[in-house]
Colleague: 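Please find one structure pasted underneath; my questions will follow.
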Amino acid sequence: MRIATWNVNSITARLPRLLAWLESSGTDVLCIQETKCADEAFPYAELRELGYEAAVNATGRWNGVAVISRVGLEDVVSGLPGGPDYDGGQEPRAISATCGGVRVWSVYVPNGREVGHDHYAYKLRWLEALRDAVAADAEGERPFAVLGDYNIAPTDDDVYDPAVFEGATHVTPAERAALGALRDLGLSDVVPRPLKYDHPYTYWDYRQLCFPKNRGMRIDLVYGNAPFVKAEQDAYVDREERKGKGASDHAPVVVDLDV
DNA sequence: ATGACTGTAAAATACAGA
């Protein structure tokens, strides 16, 4: 089974590339983030034509997540149980489903904006709620993974220049400790291979030639439990999908499982 | 070559992204 996670930065803007990539990559289950599209405008029909079902948690302009599967889509849970409000309500940042015997979460962790900002405190609370929500599945015998845009670089080696990020979000000890709390549940960081260069970056800013200069960050992560890790055959970042006109600023992370 | 931000609508600028 081929499982992937991809922040598409608008499923509407990315639809031609998304459909082409699903076919060319042979992905069975795709966790998507930043659909930026209300549920009623979600391209269910186009995906169905390719044989995929979709479970969607999205409200419109911002955020939005989905699980797309051609190997079944059961026991969908939309939203993060116990998740904090922001600006008076829950944001669509999490959805989970069971696909072909594998339980997956698609998550879009809050950005945080600046250290000390309300959004940063929200990010840390959101990550605590995520830990609590996935604890039982993490310990289970069923292959399980939380895939998505975590908006955290796990180590200094996961950013192109640590000096650039000094004092910024995405690299703080508190954010990295939140990842540690997930690992304490029995989840492991499934680190993908880069297809070029030394670091498996998954995000490159659109500006200042960051992609050609490989000024990237690894912030799209796959945290899998022991059965998931045991089944893993390969994992890589499909940086080809970051190239050219009409690309997302994130590349897909692909994991092959023997299940 | 991989190329000098992009997407949405609270739209003709503001806001978010990281």
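Note on naming: letters A, B, ... go to the chains in the order of the sequence lines (proteins, then strands), and numbering restarts at 1 for each one. Fair warning: this is a prediction, and the values are worked out from it, not measured in the lab.
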Colleague: Over all strands shown, is A:Tyr203 touching base, sugar-phosphate only, or nothing at heavy-atom distances under 4.0 angstrom?
Modeller: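 If one applies the 4.0 Å heavy-atom cut-off, A:Tyr203 turns out to touch the sugar-phosphate alone, with no base involved.
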Colleague: Without decimals, in angstroms, what is the distance between A:Trp204 CH2 and B:dA4 C1'?
Modeller: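 So the two atoms are 18 Å apart, to the nearest Å.
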Colleague: With a non-hydrogen cut-off below 4.0 angstrom, is A:Tyr108 in contact with a base, only sugar-phosphate, or nothing?
Modeller: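 The answer is sugar-phosphate, as A:Tyr108 gets under 4.0 Å only of primed atoms, P, OP1 or OP2.
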Colleague: Pick base, sugar-phosphate or nothing for A:Asp149, based on heavy-atom distances below 4.0 Å to the nucleic acid.
Modeller: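 Sugar-phosphate, no base atom in range.
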Colleague: Expressed in whole Å, how much space separates the C1' atoms belonging to B:dG7 and B:dA12?
Modeller: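 Per the computed distance, 15 Å lies between those C1' atoms.
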Colleague: Whole angstroms only, please: what is the NZ-P distance between A:Lys243 and B:dT6?
Modeller: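 Taking NZ of A:Lys243 and P of B:dT6, I get 18 Å after rounding.
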Colleague: For the side chain of A:Lys196 and the base of B:dT2, is some donor closer than 3.5 Å to an acceptor across the two?
Modeller: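 Indeed, a donor on one side and an acceptor on the other fall under 3.5 Å apart.
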Colleague: Taking only side-chain N and O atoms of A:His250, does any of them lie within less than 4.0 angstrom of OP1 or OP2 on B:dG17?
Modeller: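 No, because none of the side-chain N or O atoms of A:His250 sits under 4.0 Å from OP1 or OP2 of B:dG17.
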Colleague: Using the C1' atom as the point on both nucleotides, what is the distance between B:dA18 and B:dC5, in whole Å?
Modeller: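 One C1' to the other, the span is 13 Å.
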Colleague: For A:Asn9 and A:Lys36, what are the C-alpha separation, side-chain angles and deciding distance, and is it a side-chain hydrogen bond (donor to acceptor under 3.5 Å, both in side chains)?
Modeller: CA-CA 7 Å; A:Asn9 186 19; A:Lys36 292 185 167 179; 2.8 Å; yes
Colleague: Any salt bridge between A:Arg218 and A:Asp189, counting N to O under 4.0 Å?
Modeller: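 Salt bridge between A:Arg218 and A:Asp189, a charged N being under 4.0 Å from a carboxylate O: yes.
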Colleague: How close or far is atom C1' of B:dT2 from atom CG of A:Leu195, stated in whole angstroms?
Modeller: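 A:Leu195 atom CG is separated from B:dT2 atom C1' by 14 Å.
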Colleague: Tell me if the aromatic rings of A:Tyr223 and A:Tyr150 count as close, with their centers under 6.0 Å from one another.
Modeller: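 For A:Tyr223 and A:Tyr150, the ring centres are under 6.0 Å apart.
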Colleague: Atom OH of A:Tyr86 to atom C1' of B:dG17: distance rounded to whole Å?
Modeller: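 To the nearest whole Å, that distance equals 13 Å.
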Colleague: For A:Tyr160 and A:His199, I'd like to know if the aromatic rings sit close, meaning centre-to-centre distance below 6.0 Å.
Modeller: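 No, too far apart.
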Colleague: Measure all distances between protein nitrogen or oxygen atoms and nitrogen or oxygen atoms of nucleotides 7-9 of chain B, and list the pairs falling under 3.5 Å.
Modeller:
{"unit_1": "B:dG7", "atom_1": "OP1", "unit_2": "A:Arg14", "atom_2": "NH1", "d": "3.4"}
{"unit_1": "B:dG7", "atom_1": "O3'", "unit_2": "A:Ser10", "atom_2": "OG", "d": "3.2"}
{"unit_1": "B:dT8", "atom_1": "OP1", "unit_2": "A:Ser10", "atom_2": "OG", "d": "2.5"}
{"unit_1": "B:dT8", "atom_1": "O2", "unit_2": "A:Arg61", "atom_2": "NE", "d": "2.9"}
{"unit_1": "B:dT8", "atom_1": "O2", "unit_2": "A:Arg61", "atom_2": "NH2", "d": "2.2"}

Colleague: Contact list please: residues 111-124 of chain A against DNA chain B, heavy atoms, distance less than 4.0 Å, in numerical order.
Modeller: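 Here the set is A:Asn111, A:Arg113.
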Colleague: Considering all heavy atoms of both residues, which atom of A:Gln33 and which atom of A:Leu147 are nearest to each other, and what is their separation?
Modeller: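 For A:Gln33 versus A:Leu147, the nearest heavy atoms are NE2-O, 4.0 Å.
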Colleague: Please list all pairs passing the ring-ring contact (aromatic ring centres under 6.0 Å, His included) test where one or both residues lie in residues 240-259 of chain A, with sequence neighbours left out.
Modeller: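 Sorted result for residues 240-259 of chain A: A:Tyr203-A:His250.
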Colleague: What nucleic acid atoms does A:Glu34 come within less than 4.0 Å of, heavy atoms only: base, sugar-phosphate, or nothing?
Modeller: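 Answer is sugar-phosphate: A:Glu34 comes under 4.0 Å of backbone atoms only.
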Colleague: I'd like to know if A:Asp158 pairs up with A:Arg176 as an ion pair, taking the criterion as any Lys NZ or Arg NE/NH1/NH2 lying under 4.0 Å from an Asp or Glu carboxylate oxygen.
Modeller: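 Salt bridge: no.
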Colleague: In whole Å, what separates the C1' atom of B:dA4 from that of B:dT8?
Modeller: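 My reading of the C1' atoms in B:dA4 and B:dT8 gives 23 Å.
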Colleague: Distance check needed: B:dC5 C1' versus A:Arg207 CZ, whole Å only.
Modeller: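 To the nearest whole Å, that distance equals 6 Å.
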Colleague: From CD1 of A:Ile152 over to P of B:dG17, roughly how many Å is that when rounded to an integer?
Modeller: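 In whole Å, B:dG17 P and A:Ile152 CD1 are 15 Å from each other.
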Colleague: Report the distance from atom CZ of A:Arg93 to atom P of B:dA18, rounded to the nearest whole Å.
Modeller: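 Going from CZ in A:Arg93 over to P in B:dA18 covers 9 Å.
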Colleague: Look at A:Arg48 together with A:Glu53 and state whether they make a salt bridge at an N to O cut-off of under 4.0 Å.
Modeller: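 Salt bridge between A:Arg48 and A:Glu53, a charged N being under 4.0 Å from a carboxylate O: no.
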Colleague: What interatomic distance, in whole Å, is found between P of B:dT6 and the corresponding atom of B:dA10?
Modeller: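 Nearest-Å result for B:dA10 against B:dT6 at atom P: 23 Å.
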Colleague: Is A:Asp28 salt-bridged to A:Arg2, going by a charged N under 4.0 Å from an acidic O?
Modeller: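 A salt bridge is absent here (no side-chain N lies under 4.0 Å from a carboxylate O).
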Colleague: Could you tell me which non-hydrogen atom of A:Tyr201 sits nearest to which non-hydrogen atom of A:Val237, and how far apart they are?
Modeller: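 In terms of heavy atoms, the two residues are closest at O-CG1, 3.3 Å.
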Colleague: Separation of A:Asn63 atom CG from B:dG17 atom C1', in whole Å?
Modeller: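 Interatomic distance, CG of A:Asn63 to C1' of B:dG17: 10 Å.
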Colleague: What's the base orientation of B:dA4: syn (chi within 90° of 0) or anti?
Modeller: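 The base of B:dA4 is oriented anti (glycosidic angle more than 90° from 0).
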Colleague: Let me spell it out: for each of A:Phe211 and A:Asn7, pick the nucleotide of DNA chain B with the closest heavy atom. Which residue's pick is nearer the 5' end?
Modeller: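 The answer here is A:Phe211.
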